[in-house]
There are 2 protein chains.
Amino acid sequence: MDEVAGAIADPVRREILLMLRDEPLTAGQIADRFVISRPAVSRHLRVLREAGLVRDTADGRRRVYTLVTAPLDELTGWLGRLTRPAGWQHRLDALETEVYRTRRERHTAAAQHPSQKETA
Amino acid sequence: MDEVAGAIADPVRREILLMLRDEPLTAGQIADRFVISRPAVSRHLRVLREAGLVRDTADGRRRVYTLVTAPLDELTGWLGRLTRPAGWQHRLDALETEVYRTRRERHTAAAQHPSQKETA
DNA sequence: CAAAAGCGTAACGTGTCGGTTACGCTTCCT
DNA sequence: AGGAAGCGTAACCGACACGTTACGCTTTTG
């Protein structure tokens, strides 16, 4: 888990992961979107690879990277366990159903994005 | 977010957060549960404090640390956005907002009680 | 009031991180 | 073939993380 959390702790690597969420990309395509040198990006990719967050497949002289989200589950689970102190699970499940039902009733087609926050 | 993710990337700090999930603890109590030196723990606490994940209150010559989970929301949201396939995104974001708002209110309500201890 | 308890900080050594440039290995193209 | 394209790795360097011991400050205690 250290590796996964450490990988996410870097803004460049987070950006790479977001890029790969939409589509697989080659090392060169990824590097081109950053100002830092290509070897620097290459090593970021290595960190992500060793954390299991990306998978690379050889394609001729190119190397295609794809996102692998599975290792994030452990981290997500840990965060959940930390924030929901024992006994919250049922209530959370109930709330989940409630929210979905409420939103459906309200007929909200416009997606609001209220996740603004101050930096810690 | 870098600070929060970086804070979680260390096993000692994760353990500290888990300890504080159950009950507030003094710096000494926390340090006693680790093999490393007390100053080392003190600096881990500083990292957590600067990431906003713990709050410390002076109590005589002791210093009581309490868990603050709010900064984790941003990270959790990011993980969700990365993991969830495009369609689910806003709906789950809305759910998260709803859930965390509820929990935050519960926390702040407890924090406004100036009595001796926040119950474990 | 002096001694001890409780914490944080300073100073220091060492390992790792993240950037750079230089280089080497495959693979495609003509 | 032979040169260019595409990537990774090695070597190097400054900054930072994490551990240690030594120290100083505030608060309790005998």
Side-chain angles (χ1 to χ4, degrees), chain A residues 1-20 23-68 71 75 119-120, chain B residues 1-20 23-68 71 75 116-117:
Chain A
M1 183 148 79
D2 293 36
E3 274 183 325
V4 176
I8 294 182
D10 185 278
V12 173
R13 288 193 286 264
R14 278 201 307 274
E15 184 61 29
I16 292 178
L17 292 178
L18 283 179
M19 287 165 49
L20 293 177
E23 52 179 350
L25 293 172
T26 71
Q29 289 173 327
I30 297 173
D32 286 345
R33 305 197 190 180
F34 290 98
V35 185
I36 61 178
S37 69
R38 196 185 50 71
V41 174
S42 183
R43 278 208 336 210
H44 280 300
L45 288 172
R46 182 149 93 119
V47 173
L48 291 172
R49 197 185 320 136
E50 289 175 346
L53 288 169
V54 299
R55 186 167 48 94
D56 66 318
T57 58
D59 173 34
R61 62 180 161 180
R62 293 177 312 174
R63 200 155 268 267
V64 182
Y65 283 87
T66 62
L67 179 65
V68 178
L75 181 57
T119 319
Chain B
M1 181 147 83
D2 292 37
E3 273 183 322
V4 176
I8 293 181
D10 186 279
V12 173
R13 287 193 288 264
R14 278 202 306 274
E15 184 62 30
I16 293 178
L17 293 178
L18 283 179
M19 287 164 50
L20 293 178
E23 52 179 351
L25 293 172
T26 70
Q29 289 174 327
I30 297 173
D32 286 344
R33 304 197 189 180
F34 290 97
V35 186
I36 61 178
S37 68
R38 196 186 48 73
V41 175
S42 183
R43 278 215 331 218
H44 280 301
L45 288 172
R46 183 149 92 120
V47 173
L48 291 172
R49 199 185 319 135
E50 289 174 347
L53 287 170
V54 300
R55 186 168 48 94
D56 67 317
T57 58
D59 173 34
R61 62 181 160 178
R62 293 178 311 174
R63 199 156 271 265
V64 181
Y65 284 87
T66 62
L67 179 64
V68 178
L75 181 58
Q116 321 301 356
K117 294 182 177 181

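Chain identifiers are assigned alphabetically (A, B, ...) following the order of the sequence lines, protein sequences preceding nucleic acid strands; residue numbering begins at 1 within each chain. On a predicted model such as this, the values are computed, not experimentally measured, just so you know.
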- Derivation of the side-chain contact (heavy atoms from CB on, under 4.5 Å) call for A:Val47 and A:Leu53: CA-CA 9 Å; A:Val47 173; A:Leu53 288 169; over 6 Å; no

- Message: Test of understanding: with side chain to side chain donor-acceptor pair (under 3.5 Å), list the residues that count as partners of B:Arg62, not counting sequence neighbours.
- Response: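 Expected list: B:Asp59.
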
- Query: Can you list the residues that meet the side chain to side chain donor-acceptor pair (under 3.5 Å) rule with A:Arg49, with sequence neighbours excluded?
  - Reply: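 Applying side chain to side chain donor-acceptor pair (under 3.5 Å) to A:Arg49 gives A:Tyr65.
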
Tell me the interatomic distance from [X], atom [atom1], to [N], atom [atom2], rounded to whole angstroms.
X: A:Gln29; N: D:dA5; atom1: CD; atom2: C1'; result: 14 Å
X: A:Glu3; N: C:dC17; atom1: CD; atom2: C1'; result: 14 Å
X: A:Asp32; N: D:dG6; atom1: CG; atom2: C1'; result: 11 Å
X: A:Leu25; N: D:dG6; atom1: CG; atom2: P; result: 15 Å
X: B:Leu45; N: D:dG19; atom1: CG; atom2: P; result: 12 Å
X: A:Glu50; N: D:dT9; atom1: CD; atom2: C1'; result: 13 Å

- Message: Has B:Arg14 got a side-chain atom pairing as donor or acceptor with B:Ile8's backbone, closer than 3.5 angstrom?
- Response: yes

- Query: Is it true that a side-chain atom of B:Arg38 and a backbone atom of B:Ala31 form a donor plus acceptor pair closer than 3.5 Å?
  - Reply: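 Checked: no pair found.
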
- Report which part of the nucleic acid A:Tyr65 touches: base, sugar-phosphate, or nothing (heavy-atom distance under 4.0 Å, all strands). sugar-phosphate

- Message: What does the B/S/- profile of nucleotides 19-30 of chain C look like, 5' to 3', with a 4.0 Å heavy-atom cutoff to protein?
- Response: BBBB----BS--

- Query: Given side chains that start at C-beta, do those of B:Thr26 and B:Val64 come closer than 4.5 Å, heavy atoms only?
  - Reply: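 Contact flag for B:Thr26/B:Val64 side chains = yes.
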
- Task: For C:dC7, take OP1 and OP2 only and decide whether either is under 4.0 Å from a side-chain N or O of B:Thr26.
- Result: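 Yes, B:Thr26 has a side-chain N/O under 4.0 Å of OP1/OP2 on C:dC7.
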
- Does A:Arg46 place a side-chain N or O at less than 4.0 Å from the phosphate oxygens OP1/OP2 of D:dC7? no

